[in-house]
Amino acid sequence: MMHKLLFKYGVRLRNPSLYDYLSFLKKSDSWSHKRLIAYQTKKCKEFLEFAYKYSSFYKTTFDDLNFKPSEFKDLEQMKLLPTISKTALIRYNSSIHSDYPFKKVFPALTSGTTGESLEFLKNEEWDSSNRAAMFRGYSWYGVHPADKNGYLWGYNIDPKQALRIKWLDRLQNRFRIFSYNTKEIEYFAKNLKGAGYLHGYSSMIYEVAKLVNRSGLKIDHKLKMIKGTSEMIFDAYQEEVTKAFGLKILSEYGSAESGVIAFECPEGNMHIAMENVIVEEEDGEILVTNLLSKSFPIIRYRLGDMIELADKDFKCSCGRAHPVILNIKGRVGVKIIGKSQEFPGRMIYNVIKNLSIEHGIILNYQARQHMKGVVDLYIEQNEENSEGILEKELKKYFKDEIDFNIFYGKNLHNMEEKLNDFITTIG
Ligand SMILES: [Zn+2]
């Protein structure tokens, strides 16, 4: 009770428009596809007009193309506009920022893959609508954001920061692990008693589940939702987490620049939050337009993920008409370099996935390539689990193009950042 009041007070202060967005999103949750498209089209026109008026970058871009946002009437017209990459968002940063006098903005910072970071300002409505989309997802599971929650983000937090983080966590009814050791994980797991939800990197949720299962720790919990972000969720994770908590990890898909793109419904499908974002797929790659990003317009952004959208006629049994992302298939442009040919970075994942489907062998892995034609494959499980089938399957897909060095029984997680399934320093 106290926490809900505190939460409400905090929200009013920081995100005054959040509750309005949330109640709108709860209504539009049951809209027909046609109505959602009409809404999106209208919002998109307003947004493009805004960008044209207040962002010098988009004014020049639209003028060069002779694109008139005032004449926008069909989402197909988005295809007339160029896409934008993170590099461009960094390079043209100041001219992309709009010069509209917003009442309130928040600074945001994300790191790029090449080490460059992207800084931008988020107007309050953008931040609030994004949180609202997240909270709508929570409501599908009967979770209130102010419910007590366990949070698994990076461990090993700088002691100087720890006190401040602990205080912020208290305000948000949140607890976390500060350094990775058995005692802390155990303490964390026990703390889940009375928590409504658990969220964070799925690989870390998995680590906690493993400890719970191995130590035979019985947790009398009432978790309603376990949410994974930012990482792929492997079958082995789901198996372990379900065993530990009786729930599987659901995914929330998004990024700092794009906001929440999709949220998994109780039927297991990731529905696009189309009131906030337009998702296009071009050659397997996702393009995102964030309709509320007025302070720093994000239009047809190359987020860098390969995705698979559900068929247009696909209907989720939950009844929502919001389109579904079936699968996030890894990063764009990542390649495994063989001796004479290249393979998509996703190929090892496919082999491992096949092992699970066809042979019931579940392996956790991380692949690393530092040399042409050679890949080091680290496997968490022990060798007897794979019975030489892994080697055979790899051979089937990669022929003699790649020499695999397979290391079994390895600890994959450094507990500091998210776990990448394929790391390459070449190509
Ligand atoms: Zn659904």
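For ligands, and for the atoms within them, numbers begin at 1 and follow the listed sequence.
Between Phe120 and Phe296, the ring-plane angle classifies as parallel under the 30° and 60° cut-offs.
Every salt bridge (charged side-chain N to carboxylate O under 4.0 Å, His left out) that Lys224 has, sequence neighbours left out, goes to Asp147.
Ion pair Lys104/Asp127 not flagged as a salt bridge, since none of the NZ, NE, NH1 or NH2 atoms sits closer than 4.0 Å to an Asp/Glu carboxylate oxygen. A salt bridge does not link Lys103 to Glu124: none of the charged side-chain nitrogens sits closer than 4.0 Å to a carboxylate oxygen.
Partner of Tyr206 under the ring-ring contact (aromatic ring centres under 6.0 Å, His included) criterion, out of Phe245, Phe234, Tyr201, Tyr237: Tyr237 alone.
Annotation: protein N, O or S atoms under 2.8 Å of the Zn ion (ligand 1) (waters excluded) comprise Cys265 SG, His271 NE2, Cys316 SG, Cys318 SG.
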Derivation of the side chain to side chain contact (heavy atoms under 4.5 Å, CB included) call for Ile261 and Val279: CA-CA 8 Å; Ile261 296 170; Val279 168; 3.6 Å; yes
